[in-house]
There are 2 protein chains.
Amino acid sequence: MSGTRSLADRLFLTLRSEIVEGHIAAGSKVSEPELARRFDASRSSLREALMRLESLGLLERRVNVGARVVDLTERGLLDLYDVREALEGMACRLAAQNRSEEDLVELRQMLNRHEQQEELQKGTAYFQPEGDFDFHFRIVQASNNDLLIDTLCNKLYYRVRMYRYQLGMASPRAHRAFREHSHIIEAIEAGDGELAEILMRRHIRASRSNIEKKLSKTN
Amino acid sequence: MSGTRSLADRLFLTLRSEIVEGHIAAGSKVSEPELARRFDASRSSLREALMRLESLGLLERRVNVGARVVDLTERGLLDLYDVREALEGMACRLAAQNRSEEDLVELRQMLNRHEQQEELQKGTAYFQPEGDFDFHFRIVQASNNDLLIDTLCNKLYYRVRMYRYQLGMASPRAHRAFREHSHIIEAIEAGDGELAEILMRRHIRASRSNIEKKLSKTN
DNA sequence: CACCACTATATTGTCGACAGTTTTGTAGTG
DNA sequence: CACTACAAAACTGTCGACAATATAGTGGTG
């Protein structure tokens with residue numbers, strides 16, 4: 001069969017959620033025997049899961065010492081935004097250049113859904129992280145560059161989620177973000193890759209500045 | 001002790017070279033028992049090495065089937081260039097913004113070394129892939145963004161190397177590349193992040209176009 | 001000869017055990 | 001009390017074995 005998942009695979013998925021959502025605390029040590037007992041699995045399977053988590057950048061392993069959950073630092077968060085700015089900017093450009101019919105339809109539908117949600121919960125911080133995620137996720141898919149898709153959707157976004165969950169950086173930029181999303185999709189529809197890239201980069205950089213401001217207040 | 005390397009670690013490094021250099025053919029199946037015998041190691045250690053190779057994007061593993069070396073496709077190569085354009089462009093921008101004294105000195109020294117080499121082997125395809133690699137590598141280091149550095153230097157560059165070794169895409173753009181490198185470093189020295197990014201992106205895109213042209217002839 | 005069913009072989013996934021290393025805890029000394 | 005030296009415990013790295021799955025090979029049937 002094809003869709004089979006190995007035990008190590010399931011452990012990986014479970015642990016990924018727990019780390020992203022902070023049930024396993026950032027910076028904490030991860031003990032193989034302890035988790036093995038908890039999930040009633042062998043250390044082998046668990047180790048495989050841990051290694052995959054390491055390759056996601058969610059864990060750090062050191063020889064003969066073991067694994068720790070990465071800790072969340074302001075620097076790490078800002079660095080992440082810079083990488084996203086570069087990659088998602090490119091994704092936007094490529095999406096605009098390809099411009100497959102299905103992608104355009106899907107993007108437009110998504111935007112409409114978000115608009116309705118905005119009408120519904122007007123004023124309140126409508127823009128759930130999930131809605132924002134949806135947007136960025138789909139754009140990347142539309143880039144049609146497998147490496148880019150994999151890097152963002154299967155790797156970096158988990159780190160993004162981890163920061164959002166735990167530092168609670170849900171952007172309060174609500175419907176301003178919505179308008180920005182709207183313009184980006186228009187540029188893609190128009191096949192204007194250059195503009196699409198610029199707008200996406202500006203969009204992400206705005207989020208970054210926003211967070212930078214918050215952080216400087218906290219300290 | 002700190003610098004200790006595990007067996008799995010050494011296997012990983014060895015296999016990485018063999019795959020990058022094509023001694024283990026692209027697209028070929030990788031058998032755990034076979035390699036375990038060959039290196040006189042247990043399958044556990046070997047499996048760990050394979051998993052790390054997978055996270056580099058050099059191997060693809062499927063449940064209950066095993067691992068295959070990725071195959072090299074034109075599309076994959078071009079995709080890789082688009083991702084590099086985005087990331088290294090950003091690296092350049094950041095390097096120009098940071099502009100630490102040591103980085104500037106190192107970059108300048110490197111450029112001088114390359115210039116001498118160019119004088120030496122004038123006309124001939126001087127620009128060894130290694131020289132080019134040096135350049136891109138150091139720029140990324142100067143970005144001071146750990147995530148960016150890790151993504152490029154510890155992950156993507158091995159794929160780049162693999163394509164270069166096996167498709168032999170050593171750019172024949174020789175001293176033209178050198179001039180471009182030179183201008184990029186000048187922009188970084190001047191602290192002009194925007195220009196530095198533009199130049200780097202153009203530099204990479206030129207390589208990409210060059211390869212695209214070659215490929216269209218071959219087919 | 002092509003195609004399908006079935007058996008045999010080989011490979012992967014998972015497990016538990018042992019050895020070497022790190023960490024923890026304890027006692028002793030200045 | 002602070003600090004070092006040492007002993008005990010815990011953990012990681014590595015190994016070989018078994019069960020489940022996929023692949024290769026064989027024979028049979030149209």
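Throughout, protein chains are lettered first and strands after them, A, B, ... in sequence-line order, and every chain is numbered starting at 1.
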What is the separation between atom CE on A:Met51 and atom C1' on D:dT12, rounded to the nearest whole Å?
12 Å
Kindly calculate the angle separating the two end axes of the helix from C:dC1-D:dG30 to C:dG30-D:dC1, each obtained from five base pairs, and round it to 10 degrees.
30°
Set of side chain to side chain contact (heavy atoms under 4.5 Å, CB included) partners for B:Gln97, sequence neighbours left out
B:Arg93, B:Leu94
B/S/- along nucleotides 9-18 of chain C (protein heavy atoms under 4.0 Å) is ---BBBBBB-
Residues passing the salt bridge (Lys or Arg N to Asp or Glu O under 4.0 Å) test with A:Glu85, sequence neighbours excluded, are A:Arg201, A:Arg205
Which donor-acceptor pairs under 3.5 Å do the side chains of residues 23-31 of chain A make with protein atoms, sequence neighbours left out?
unit_1: A:Ser28; atom_1: OG; unit_2: A:Ala25; atom_2: O; d: 2.6
unit_1: A:Lys29; atom_1: NZ; unit_2: A:Val65; atom_2: O; d: 3.4
unit_1: A:Ser31; atom_1: OG; unit_2: A:Glu34; atom_2: N; d: 3.3

Parallel, tilted or perpendicular: which one describes the rings of A:Phe135 and A:His181, with boundaries at 30° and 60°?
parallel
Who are the side chain to side chain contact (heavy atoms under 4.5 Å, CB included) partners of A:Met51, not counting sequence neighbours?
A:Arg61, B:Glu48, B:Met51
Among residues at least two apart in sequence or on other chains, which ones pass side-chain hydrogen bond (donor to acceptor under 3.5 Å, both in side chains) with A:Lys155?
A:Asp150
Any salt bridge (Lys or Arg N to Asp or Glu O under 4.0 Å) involving residues 13-24 of chain B? Give me the pairs, sequence neighbours left out, ordered by first then second residue.
B:Glu18-B:Arg38
Residues at least two apart in sequence or cross-chain that pass salt bridge (Lys or Arg N to Asp or Glu O under 4.0 Å) with B:Asp82, listed by chain then number, are B:Arg208
